[in-house]
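Atoms within each ligand, like the ligands themselves, are counted from 1 in listed order. We number each residue from 1, following the sequence as shown.
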Amino acid sequence: MITMKDIIREGNPTLREVAEEVVLPLSDEDIKLGEEMMEFLHNSQDPVKAEELGLRGGVGLAAPQLDISKRIIAVHVPSGDLENPEPTLSAVMYNPKILSHSVQDACLGEGEGCLSVDREVPGYVVRHNKITLSYVDASGVKQKIRLKNYEAIVVQHEIDHLNGVMFYDHINQENPYALKDGVLVIE
Ligand SMILES: CC(C)(C)[C@H](NC(=O)Nc1cc(F)cc(F)c1)C(=O)N(CC(=O)NO)CC1CCCC1
Ligand SMILES: [Zn+2]
């Protein structure tokens with residue numbers, strides 16, 4: 001079972017590598033890894049388990065964060081209201097690829113953090129507001145989906161990890177809260 005000790009932190013060179021595409025058909029090993037990554041996200045969002053296991057509440061995870069330089073990500077975005085337990089996005093994605101994106105950019109009003117970064121790095125992380133994404137799912141089926149707003153931000157944050165990019169690479173050094181006209185701030 002994945003816990004925080006399995007997650008590498010900034011400074012580990014693996015976080016700056018470009019990860020390798022996963023070979024298809026998916027191996028049992030890669031399928032199992034995806035399941036474990038999703039289990040981590042579920043556990044991390046369960047107050048009892050997160051407390052027991054000392055987990056930070058995670059919404060996404062990329063294989064390079066486990067020191068495995070493969071193009072695998074897991075995302076689990078809760079719906080946000082307790083009545084509706086259905087997550088708005090929950091998927092293990094193999095070889096995810098952004099096919100196209102909106103001209104419209106967006107950022108989280110709160111800025112971003114990272115499970116591999118044990119410090120606050122303030123500032124806006126400007127990303128695409130909408131993306132069209134292809135990936136292979138855990139059943140080996142090629143999927144093509146469109147995402148926007150928070151879900152799109154999460155997936156872009158995870159795909160960055162597959163390309164050795166950290167969220168703070170996007171922050172404007174001169175003025176971390178500088179915003180070009182028209183960037184949507186997502187609260
Ligand atoms: C770094 C951390 C603060 C833990 C961040 N979570 C988060 O922003 N909020 C959150 C946590 C939940 F459990 C459920 C929920 F809906 C929201 C996160 O998981 N990531 C993922 C990560 O580090 N992947 O490598 C960072 C987010 C910043 C923007 C998108 C992902
Ligand atoms: Zn991260």
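- Protein heavy atom closest to atom 3 (C) of ligand 1, with residue, atom name and distance, is Arg56 NH2, 3.8 Å.
- In the hydrophobic cluster analysis, where Ile, Leu, Val, Met, Phe, Trp and Tyr join through side-chain heavy atoms closer than 4.5 angstrom, Val77 is grouped together with Ile131.
- In summary, Asp30 and Lys70 engage in a salt bridge, as defined by a charged side-chain N under 4.0 Å from a carboxylate O.
- Among protein heavy atoms, atom 31 (C) of ligand 1 sits closest to Val59 CG1, 3.7 Å.
- Any N or O atom pair closer than 3.5 Å counts here, and His161 shares at least one such pair with ligand 1.
- Atoms CD1 and NE2, from Ile73 and His157 in turn, are 10.5 Å apart once rounded to the nearest 0.5 Å.
- Below 3.5 Å of separation, one finds no N or O of Ser44 facing any N or O of ligand 1.
- Taking only nitrogen or oxygen atoms, main chain and side chain alike, Ala62 does not reach within less than 3.5 Å of ligand 1.
- Considering just the N/O/S atoms of His157, the one nearest the Zn ion (ligand 2) carries the name NE2.
- Residue nearest to atom 25 (O) of ligand 1, selected from Glu151, Gln65, His42: Gln65 (by heavy-atom distance).
- Residues Thr132 and Ser100 bring a donor and an acceptor atom of their side chains to less than 3.5 Å of each other.
- The closest approach between Tyr150 and ligand 1 falls below 4.0 Å for a heavy atom of the residue.
- Nearest to atom 12 (C) of ligand 1 by heavy-atom distance, out of Gly111, Pro78, Gly57, is Gly57.
- Defined by atom type and a distance below 3.5 Å, a donor-acceptor pair is present between the side-chain atoms of Asn149 and Asn129.
- Atom 28 (C) of ligand 1 has its closest protein heavy atom at Gly113 O, 3.6 Å.
- Considering backbone and side-chain N/O of Glu112, none are found under 3.5 Å from N/O of ligand 1.
- At the shortest separation from atom 21 (C) of ligand 1 among protein heavy atoms lies Gly60 O, 3.3 Å.
- For atom 23 (O) of ligand 1, the closest heavy atom belonging to the protein is Leu115 N, 2.8 Å.
- If you put the vertex on the Zn ion (ligand 2), NE2 of His161 and SG of Cys114 sit 100° apart, to the nearest 10°.
- Residues His76 and Ser90 have side chains that bring a donor and an acceptor to within less than 3.5 angstrom of each other.
- One distance of note links NZ of Lys142 with OH of Tyr94; it measures 15.0 Å at 0.5 Å rounding.
- Tyr124 and Tyr177 have perpendicular rings, their planes meeting at more than 60° on a 0 to 90° scale where under 30° would count as parallel.
- For His157, a nitrogen or oxygen atom sits less than 3.5 Å from a nitrogen or oxygen atom of ligand 1, counting backbone and side chain alike.
- Within ligand 1, counting atoms from 1 as listed, the ones closer than 4.0 Å to a heavy atom of Val154 are 30 (C).
- A single hydrophobic cluster is seen to contain both Leu115 and Met37, as judged by linkage of ILVMFWY side chains at heavy-atom distances under 4.5 Å, directly or through other members.
- Distances from atom 1 (C) of ligand 1 to the heavy atoms of Ala74, Cys114, Ser79 show the closest one on Cys114.
- Under a 4.0 angstrom heavy-atom cut-off, Val77 registers as lying outside contact with ligand 1.
- In this structure, Val75 is a member of the same hydrophobic cluster as Tyr135, with clusters built from ILVMFWY side-chain heavy atoms closer than 4.5 Å.
- Of the listed residues (Gln173, Arg119, Glu112), just one forms a side chain to side chain contact (heavy atoms under 4.5 Å, CB included) with Tyr168, and that residue is Arg119.
- The cluster map of Ile, Leu, Val, Met, Phe, Trp and Tyr, joined by side-chain heavy atoms under 4.5 Å apart, puts Val155 and Leu108 in the same cluster.
- Close N/O approach between Gly58 and ligand 1 is not found [any backbone or side-chain N/O within under 3.5 Å].
- Sparse packing is recorded around CD of Glu110, with 12 or fewer heavy atoms of other residues, nucleotides or ligands lying under 6.0 Å away.
- Every N/O-N/O distance between Leu61 and ligand 1 stays at or above 3.5 Å.
- The protein heavy-atom contact nearest to atom 24 (N) of ligand 1 is Glu158 OE2, 2.7 Å.
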